[in-house]
Peer 1: 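Before we start, here is the structure in question, set down as structure tokens.
From a predicted model like this one, the values you see are computed outputs, not experimental measurements. Throughout, numbering of the chain's residues begins at 1 and tracks the sequence.
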Amino acid sequence: MQYPVPGFILVRELVKTKILVIDDDPKICRLIKRILIKEDMLVECIASGIVTLPLLKKSSFDVILLDFRLPDMDGFKLLEKIQENRLLKATEVILMTGYGDTEMGMKAMEKGCVDYLPKPFNHEDLVFQIKRAVKKIQFQHKIHKLTESDIIGFEDIIGSSPDMKQIYRLVNRIAGQDTTVLLEGETGTGKNLIARAIYKKSKIKDRLFIPVNCGALTETLMESELFGHEKGAFTGADVKKYGILESAHEGTVFLDEINNASRNVQTKLLQYIETGEIMRVGGNKMIECNSRIIA
């Protein structure tokens, strides 16, 4: 299923994109400013967290590039203060960090960032992330601007274009089939809503629906969460654990951001889809289960 669809192609607005850079490294600020000005964006730089709140109270920005390590507080603490004061409005935050590990990235998105940018970064990565964040804002703005006459309800989804109606028909057709479903689309395009709509219109809507954020789990943890583990399978495995696929028997498991799962986990998922059997971590026998997968 392809999503977004042509009915939601957005026209670029004439207003220039406004970027706020919060970083105490003048070299980084100059670099970012030079790159983004060439992309016809307006860029303002500040060096500390303490001046951020009063600035956001009087000025609005489309995207904030927030450095994790600031002289007066870390980026997460500043982000919390911004959120507490409800100063983000229609603003997306990208965390910049010299600690380019996945765990830091996942924590950033849990805190409300749209993405994170490891340092050092290149021109292409910076521009790509900024433009993706802006597209998300434009998409949300498009939804909010729909008048009541433009809205057609379908579960928790709105939209009345011919392409959206085609998606509704496709969801209705797929929902009644006992088949694995793959949803494709960028972050923010509504894959979660489509997954839940398929579940709610399926014949197993009264059974469990378990969403799993694949991007928030390490490979080891995800393998244990999905397939379970036997007692003593690894350090800390003091008791036997039933995995999500086994626990959701006859129900639905939604694997969000499946592309972030490791090859090892994806291989085991493929085996389950083909055979209907799993093996717990540390186990020695196959276990039958029948959970529908939407990914």
Side-chain angles (χ1 to χ4, degrees), residues 1-5 101-103 105-110 112-116 132 136 155-157 167 170-229 233-234 241-283 286-295:
M1 182 186 296
Q2 295 292 335
Y3 198 89
V5 293
D101 59 277
T102 305
E103 185 177 349
M106 292 306 104
K107 187 174 181 181
M109 285 183 273
E110 287 173 6
C113 297
V114 69
D115 215 330
Y116 81 107
R132 185 167 63 177
K136 182 180 178 182
E155 298 300 327
D156 297 319
I157 308 167
I167 285 182
L170 189 57
V171 167
N172 279 323
R173 189 165 74 247
I174 291 172
Q177 300 179 20
D178 184 18
T179 183
T180 301
V181 181
L182 177 66
L183 308 175
E184 296 181 347
E186 292 184 9
T187 300
T189 52
K191 299 187 296 299
N192 193 299
L193 291 175
I194 294 293
R196 291 179 183 274
I198 293 171
Y199 161 69
K200 289 178 181 179
K201 290 184 171 293
S202 71
K203 59 188 177 183
I204 54 174
K205 61 183 179 182
D206 58 333
R207 304 295 179 87
L208 282 176
F209 176 87
I210 304 180
V212 181
N213 184 350
C214 299
L217 300 174
T218 63
E219 177 180 347
T220 303
L221 184 56
M222 185 175 179
E223 187 176 6
S224 175
E225 286 293 315
L226 288 178
F227 305 105
H229 61 251
F234 49 82
K241 174 184 173 65
Y242 294 94
I244 289 173
L245 291 172
E246 194 173 352
S247 300
H249 182 64
E250 301 293 345
T252 303
V253 176
F254 174 44
L255 302 176
D256 195 13
E257 303 294 349
I258 185 63
N259 53 294
N260 287 318
S262 68
R263 288 181 177 271
N264 177 50
V265 170
Q266 291 192 37
T267 299
K268 291 189 174 184
L269 279 171
L270 177 60
Q271 181 183 37
Y272 165 68
I273 290 170
E274 291 178 338
T275 66
E277 296 181 329
I278 62 168
M279 181 183 293
R280 299 189 193 113
V281 177
M286 303 303 294
I287 301 167
E288 289 187 6
C289 55
N290 184 26
S291 300
R292 182 184 196 179
I293 288 182
I294 304 176

Peer 1: Measuring from Ile198:CD1 to Leu193:CG, what's the distance to the nearest 0.5 Å?
Peer 2: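 One finds 11.5 Å between CD1 of Ile198 and CG of Leu193.
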Peer 1: Do you know which two heavy atoms are closest between Lys191 and Gly185, and how far apart they sit?
Peer 2: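 Nearest heavy atoms, Lys191 then Gly185: NZ-O, 3.0 Å.
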Peer 1: Not counting sequence neighbours, list each pair that qualifies as a ring pair (Phe, Tyr, Trp, His ring centres under 6.0 Å) and has a residue in residues 191-211.
Peer 2: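 Residue pairs with at least one partner in residues 191-211: Tyr199-Phe209.
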Peer 1: Does the distance from a Lys or Arg side-chain N to an Asp or Glu carboxylate O, for Lys241 and Glu225, drop under 4.0 Å?
Peer 2: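 Between Glu225 and Lys241 there is a salt bridge, with a charged N closer than 4.0 Å to a carboxylate O.
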Peer 1: Taking the side chain as everything from C-beta on, heavy atoms only, tell me whether Met286 gets closer than 4.5 Å to Gln271.
Peer 2: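 Yes, their side chains come closer than 4.5 Å.
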Peer 1: Just grab all the salt bridge (Lys or Arg N to Asp or Glu O under 4.0 Å) pairs involving residues 258-275, residues at least two apart or on different chains.
Peer 2: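 Sorted pair list: Glu223-Lys268.
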Peer 1: Work out which heavy atom in Ile204 is nearest to a heavy atom in Gly251; give both atom names and the distance.
Peer 2: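 Distance-wise, the nearest heavy atoms are CD1-O, 3.7 Å.
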Peer 1: What's the spacing between Asn260 CG and Leu217 CG if we round to 0.5 Å?
Peer 2: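 Reported to 0.5 Å precision, the distance equals 10.5 Å.
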Peer 1: Does Glu288 reach the side chain of Asn290, with side-chain heavy atoms less than 4.5 Å apart?
Peer 2: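 Glu288 vs Asn290: side chains apart.
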Peer 1: After noting the C-alpha distance and the side-chain angles of Thr252 and Arg207, does the key distance pass the side chain to side chain contact (heavy atoms under 4.5 Å, CB included) rule?
Peer 2: CA-CA 8 Å; Thr252 303; Arg207 304 295 179 87; over 6 Å; no
Peer 1: Indicate the atoms forming the closest heavy-atom contact of Leu208 with Ser247, along with that distance.
Peer 2: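 Minimum heavy-atom contact is CD1-O, 3.6 Å.
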Peer 1: Return the CD1 to CD1 distance between Ile244 and Ile210, rounded to the nearest 0.5 Å.
Peer 2: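 Interatomic distance, Ile244 CD1 to Ile210 CD1, rounded to 0.5 Å: 5.5 Å.
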Peer 1: Considering residues at least two apart in sequence or located in another chain, which fulfil the side chain to side chain donor-acceptor pair (under 3.5 Å) criterion with Ser202?
Peer 2: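 Per chain and number, Ser202 pairs via side chain to side chain donor-acceptor pair (under 3.5 Å) with no residue.
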Peer 1: Test of understanding: with salt bridge (charged side-chain N to carboxylate O under 4.0 Å, His left out), list the residues that count as partners of Asp115, not counting sequence neighbours.
Peer 2: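 Testing Asp115 for salt bridge (charged side-chain N to carboxylate O under 4.0 Å, His left out), a comparison that skips the adjacent residues, returns Arg132.
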Peer 1: Is there a side-chain contact between Leu221 and Glu219 (heavy atoms, below 4.5 Å)?
Peer 2: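 Counting from C-beta outward, Leu221 and Glu219 never come under 4.5 Å.
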Peer 1: Can you confirm whether Val181 sits close enough to Arg292 that some side-chain heavy atom of one is under 4.5 Å from a side-chain heavy atom of the other?
Peer 2: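 Side chain of Val181 against side chain of Arg292, heavy atoms only: contact under 4.5 Å found.
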Peer 1: Do you know which two heavy atoms are closest between Asn192 and Arg196, and how far apart they sit?
Peer 2: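 Answer, listing the atom of Asn192 first, then Arg196: OD1-NE, 2.9 Å.
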Peer 1: Would you list the pairs meeting salt bridge (Lys or Arg N to Asp or Glu O under 4.0 Å) in which at least one residue belongs to residues 247-256, sequence neighbours left out?
Peer 2: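 Not a single pair qualifies under salt bridge (Lys or Arg N to Asp or Glu O under 4.0 Å).
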Peer 1: Are any of the side-chain heavy atoms of Glu246 and Phe227 separated by less than 4.5 Å?
Peer 2: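 Result no, sub-4.5 Å side-chain heavy-atom pair not found.
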Peer 1: Please round to the nearest 0.5 Å and tell me the distance separating atom CD1 of Ile294 and atom CG of Leu183.
Peer 2: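 Spacing of CD1 (Ile294) from CG (Leu183) equals 7.0 Å.
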Peer 1: Minimum heavy-atom separation for Lys203 and Asp206, please, with both atom names.
Peer 2: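 Looks like O-OD1, 4.0 Å.
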Peer 1: Mind checking whether Val281 and Thr220 have side chains closer than 4.5 Å, heavy atoms only?
Peer 2: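 A side-chain contact is absent here, since even the closest heavy-atom pair is not under 4.5 Å.
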Peer 1: Applying side-chain contact (heavy atoms from CB on, under 4.5 Å), name anything that partners Glu110, two or more places apart in sequence or on another chain.
Peer 2: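 With sequence neighbours excluded, Glu110 shows a side-chain contact (heavy atoms from CB on, under 4.5 Å) to Ala216, given in chain and number order.
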Peer 1: Kindly indicate whether the side chain of Leu255, heavy atoms from C-beta on, has any atom under 4.5 Å from the side chain of Leu269.
Peer 2: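 SC-SC contact between Leu255 and Leu269 confirmed.
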Peer 1: For the residue pair Ile293 and Leu245, establish whether any side-chain heavy-atom pair is separated by less than 4.5 Å.
Peer 2: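 Yes, side chains in contact.
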Peer 1: Determine yes or no for a side-chain-to-main-chain donor-acceptor pair under 3.5 angstrom, with Ser291 supplying the side chain and Ala248 the backbone.
Peer 2: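 Judged by distance alone, yes, a pair lies under 3.5 Å.
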Peer 1: Please test Leu226 against Tyr272 for side chain to side chain contact (heavy atoms under 4.5 Å, CB included), starting from the C-alpha separation and ending with a verdict.
Peer 2: CA-CA 11 Å; Leu226 288 178; Tyr272 165 68; over 6 Å; no
